[in-house]
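If you read the sequence from its start, that first residue is 1, and numbering goes on from there.
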Amino acid sequence: MYQIKNQIYINMTKTQKSALCNFLRALVKKSPQMSVNDIFDKFLDDEKYYLEINNPHFEFLENYLDDEKFLEETLLYLKECRKYYDYKKKQEPIIQAQKEYEKKKRAFLREVKMSKEQPTKKQLYYYDRLCKKYNIEKKELTSKLMARDEIDKILQEHDCREIIE
């Protein structure tokens, strides 16, 4: 898509070309169910209509709408945009799987880091209070991870008991 973008609309300014390409790309993205030719026809009809009522999206297009080269380049760009979005849609499951993998990896690394750090004063205090409340024998907590797991274990055991009783 980016190679095509450099080869088309050579007579336009950089700003005009950018605005038109962004607009066309948005049209393709908004209507994945429409064919490229339908999008192209709709674009031309809309631009001609807006020129007739004297309220164009792009004033500079007035000179280009009847130019055969402009029409060919527009159709070519729309086709490239469609290819790009179709490819992106096909890649979605792979991207999601990669995101899930990265999420699991970050969680694992966070736990490894926690296993090497001393438990915080808050964790120790909370664990101490829970042990007193439920008359549980205290264990020596050597890491943040161990403190978190022990606190979770106590809470789950006693929450389940309260529900049963």
| request: Keeping the roles fixed (side chain from S18, backbone from K14), state whether a donor-acceptor pair exists under 3.5 Å. | output: no
| Test applied, side chain to side chain contact (heavy atoms under 4.5 Å, CB included); reference residue, M114; option that passes from D149, L145, L109 | L145
| field | Minimum side-chain heavy-atom gap M12-L61 below 4.5 Å | value | yes
| query | To the nearest 0.5 Å, what is the distance between CD (E68) and CG (D66)? | reply | 10.0 Å
| query | After noting the C-alpha distance and the side-chain angles of Q96 and E100, does the key distance pass the side-chain hydrogen bond (donor to acceptor under 3.5 Å, both in side chains) rule? | reply | CA-CA 6 Å; Q96 289 301 322; E100 282 298 314; over 6 Å; no
| Minimum side-chain heavy-atom gap K104-F108 below 4.5 Å | no
| Are E102 and R106 side-chain neighbours, meaning at least one heavy-atom pair lies under 4.5 Å? | yes
| Salt bridge or not for E80 and K83, using N-O below 4.0 Å? | yes
| Single-linkage hydrophobic cluster L130~L141, side-chain heavy atoms < 4.5 angstrom | yes
| field | Backbone N/O of K5 and side chain of K17: donor-acceptor pair under 3.5 Å | value | yes
| said: According to a hydrophobic-cluster definition based on side-chain heavy atoms being under 4.5 Å apart (Ile, Leu, Val, Met, Phe, Trp, Tyr only), do L27 and L71 belong together? | reply: yes
| Within a strict 4.5 Å, meaning less than it, do heavy atoms of the P32 and Y85 side chains meet? | no
| task | Please say whether more than 12 non-hydrogen atoms of neighbouring residues, nucleotides or ligands are located less than 6.0 Å from CD in Q91. | result | yes
| field | Inter-residue atom distance I154.CD1 - Y126.OH, 0.5 Å rounding | value | 9.0 Å
| task | Specify the closest pair of heavy atoms between K139 and K153, including all atoms of both residues, with the distance to one decimal. | result | NZ-NZ, 3.7 Å
| request: Show the numbers, then the answer: is there a side chain to side chain contact (heavy atoms under 4.5 Å, CB included) between L75 and N37? | output: CA-CA 8 Å; L75 193 56; N37 289 327; 3.6 Å; yes
| Can you tell if the side chain of L124 reaches within under 4.5 Å of the side chain of K121, non-hydrogen atoms only? | no
| How long is the gap from OH on Y127 to NZ on K132, to the nearest 0.5 Å? | 13.0 Å
| query | Among the clusters formed by ILVMFWY side chains lying less than 4.5 Å apart, do Y84 and F40 turn up in the same one? | reply | yes
| Would F58 and F23 count as a ring pair (Phe, Tyr, Trp, His ring centres under 6.0 Å) if you check the C-alpha gap in whole Å, the side-chain angles of each, and the deciding distance to 0.1 Å? | CA-CA 10 Å; F58 307 103; F23 182 77; 5.2 Å; yes
| query | Hey, quick one: are Y49 and L24 part of the same hydrophobic cluster, counting side-chain heavy atoms closer than 4.5 Å, chains of contacts allowed? | reply | no
| When rounded to the nearest 0.5 angstrom, what distance separates CD in E52 from CG in N54? | 10.5 Å
| task | Tell me, yes or no, whether the heavy-atom count around Q33 atom CD, taken from other residues, nucleotides or ligands under 6.0 Å, exceeds 12. | result | yes
| said: Please determine whether side chain to side chain contact (heavy atoms under 4.5 Å, CB included) holds for the pair K144 and Q118, giving the CA-CA distance in whole Å, both sets of side-chain angles, and the decisive distance to 0.1 Å. | reply: CA-CA 6 Å; K144 282 184 179 180; Q118 292 294 318; over 6 Å; no
| field | R148 and E111 ion-paired at < 4.0 Å | value | yes
| Can F43 and L20 be said to form a side chain to side chain contact (heavy atoms under 4.5 Å, CB included), step by step? | CA-CA 11 Å; F43 167 72; L20 182 59; 3.7 Å; yes
| said: If hydrophobic clusters are built from ILVMFWY residues whose side chains come within less than 4.5 Å, do Y125 and Y134 share one? | reply: no
| said: Has S31 got a side-chain atom pairing as donor or acceptor with M34's backbone, closer than 3.5 angstrom? | reply: no
| request: Calculate, to the nearest 0.5 Å, the distance between atoms CD1 and CG belonging to I4 and L78 respectively. | output: 12.0 Å
| request: Drop me the distance from D46's CG to L51's CG, to the nearest 0.5 angstrom. | output: 11.0 Å
| Shortest non-hydrogen contact from P119 to A147? | CB-CB, 4.0 Å
| task | Verify whether the ring centers belonging to Y9 and Y64 lie closer than 6.0 Å. | result | no
| query | Near E62 CD, under 6.0 Å, is it more than 12 heavy atoms from other residues, nucleotides or ligands? | reply | no
